[in-house]
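Down below is the structure, laid out as C-alpha cells.
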Amino acid sequence: MAQKPAKAPGVSRLRRNGAAKRLTRAFFARDVLTVAPDLIGATFLVDGVGGIIVEVEAYHHTDPAAHSFRGPTPRNQVMFGPPGFVYVYRSYGIHWCVNFVCEPAGSASAVLIRAIEPTFGIEEMKRRRGLEDIRTLCSGPGKLTEAMGITIAHNGLALDAQPIELFARPSDVEVVTGVRIGITKAVELPWRFGLKGSQFLSKPFAPSSRGA
DNA sequence: TCCCCGATTCCCT
DNA sequence: GGGAATCGGGGAT
C-alpha cells in the first residue's frame, strides 16, 4: 500500500510531446467570452486525472447571475484576482464547482467547467463516483469535481502549476452555443459553450432555431 | 441574528 | 417530471 498507483497510460506522452501545448496563465489573460469557447477541446487534469473539456459557461461581474455581481466577498475573492487561477465554491451545500479566472483582471470574470470527457485516470474517477457509466462520470459541474477530487482545498491554485495541468486542443473543434443552465437571472445570455456532438455533455444543446 | 435560496444531483413516482 | 438533501453566503430585520 506504500506503492503509488501507476500513472494513467498516455499522460507522460502528453506531458512530453510538443504536440500537446500547455496552457499558461497568458491563455487566461484574455476576455472571458474569448477564453470560454477556446477551452472546448482542451485537456484538464488534476494529479494526472481528468479529460477533455466539452462544456463550459462564462460569468462576469456585470452579469446578475455571477457570484461576483455584488462585489468581492471572502467566498469570491479569487474571482477578483489575476487571471489563470482556480475558483472553487460549494453548490447547494453538497457539491463543489470549479472555475477558471479570466480577464479583464479584477473584473471577476470566470469560466465554469461544466463537463469533461473522461480520458485519464478513468478507473480512479469511477471509484470516486461509485459509478461505472463513463458517459455520466463527469457530465455536470458537481460530477466532474467529485470524479477529479477537486474541493475547496484547490481554491486559489494556479492553473499552470502542479497539481493542475492544462493542454491546448490539438486541432480546431466545432463549438456550439446556448443559454446557461440552472440560473434564474440573465437567463437569455448565450454564454454556454459545448463541443458539437459530444456524448459527455450535462445536457444537450437545443437546436439553434428553437428554445430558451 | 434570522431567513431564504442557490452556477446540482439523485431518487422516487 | 417532481422533490429532497444540505449548508454557507448574503440580504433583510
Side-chain angles (χ1 to χ4, degrees), chain A residues 28 31-33 35-37 39-40 44 46 50-51 53-81 83 85-103 107-118 125-157 159 175-195 198-206 211-212:
Chain A
F28 297 95
D31 186 272
V32 65
L33 289 176
V35 173
L39 279 170
I40 301 299
F44 173 36
V46 174
I53 297 171
V54 297
E55 181 184 338
V56 303
E57 287 176 355
Y59 289 87
H60 81 78
H61 75 313
T62 64
D63 167 10
H67 289 172
S68 52
F69 183 62
R70 298 186 184 277
T73 68
R75 175 174 69 156
N76 66 23
Q77 61 173 323
V78 174
M79 283 187 83
F80 286 86
F85 289 82
V86 173
Y87 167 51
V88 179
Y89 69 90
R90 197 188 268 291
S91 175
Y92 288 87
I94 305 170
H95 310 289
W96 300 107
C97 292
V98 62
N99 296 253
F100 299 166
V101 177
C102 298
E103 291 270 292
S107 74
S109 308
V111 178
L112 170 69
I113 310 303
R114 286 194 55 89
I116 68 169
E117 174 181 339
M125 291 194 280
K126 284 181 176 177
R127 188 186 63 74
R128 286 172 175 154
R129 292 267 293 128
L131 188 75
E132 282 298 313
D133 178 20
I134 192 167
R135 290 207 1 195
T136 56
L137 206 52
C138 300
S139 62
K143 296 178 187 179
L144 73 90
T145 54
E146 180 177 45
M148 294 174 67
I150 297 170
T151 71
I152 193 65
H154 295 83
N155 189 43
L157 293 182
L159 286 165
V175 176
V176 289
T177 303
V179 296
R180 295 174 295 180
I181 293 175
I183 57 173
T184 58
K185 299 163 197 155
V187 294
E188 74 287 352
L189 294 176
W191 287 359
R192 178 182 177 225
F193 305 92
L195 179 62
S198 173
Q199 303 294 293
F200 301 91
L201 301 172
S202 68
K203 257 184 66 176
F205 280 75

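Letters A, B, ... are given to chains in the order of the sequence lines, protein chains preceding strands, and every chain is numbered from 1. Values reported hereafter were calculated over all heavy atoms of this structure, with side chains retained and with hydrogens, waters and symmetry mates removed.
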Q: Hey, can you tell me if A:W191 and A:H60 have their rings parallel, tilted or perpendicular (30° and 60° cut-offs)?
A: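 Parallel: the ring planes of A:W191 and A:H60 meet at under 30°.
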Heavy atoms under 4.0 Å, any strand shown: does [X] hit a base, just sugar-phosphate, or nothing?
X: A:R180; result: nothing
X: A:R129; result: sugar-phosphate
X: A:I94; result: base
X: A:T73; result: sugar-phosphate

Q.
When you compare the side chain of A:E146 with that of A:L131, does any pair of heavy atoms fall below 4.5 Å?
A.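 Sidechains of A:E146 and A:L131: no contact.
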Q. Heavy-atom distance under 4.5 Å between the side chains of A:L144 and A:V98, does that happen here?
A.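 Side-chain contact under 4.5 Å: yes.
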Q: Confirm from the modelled atom types if A:Y92 and C:dA5 form a donor-acceptor pair under 3.5 Å, side chain to base only.
A: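 Between C:dA5 and A:Y92, which were checked side chain against base, a qualifying N/O pair under 3.5 Å is absent.
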**Q.** Per A:R70 side chain, nearest of listed nucleotides C:dG11, C:dG10, B:dT8
**A.**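 Nearest to the side-chain atoms of A:R70, counting from C-beta on, is C:dG11.
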Q) Can you check the A:K203 NZ to B:dC10 C1' distance for me, whole Å? A)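 It works out to 16 Å between those atoms.
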Q) In the strands shown, is C:dT6 matched to any nucleotide by a Watson-Crick or G-U wobble pair with both distances under 3.5 Å, and which? A)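 C:dT6 is unpaired by these criteria.
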**Q.** Opposite nucleotide pairing with B:dA7, Watson-Crick or G-U, both atom distances under 3.5 Å
**A.**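 Check on B:dA7: unpaired, no WC or wobble geometry under 3.5 Å.
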Q) Looking only at atom P, what distance separates C:dT6 and B:dC2, rounded to whole Å? A)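 So the two P atoms sit 22 Å from each other.
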Q) When you match A:L112 and A:L131 each to their closest nucleotide on DNA chain B, which lands nearer the 5' end? A)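 The residue whose closest nucleotide sits nearer the 5' end is A:L112.
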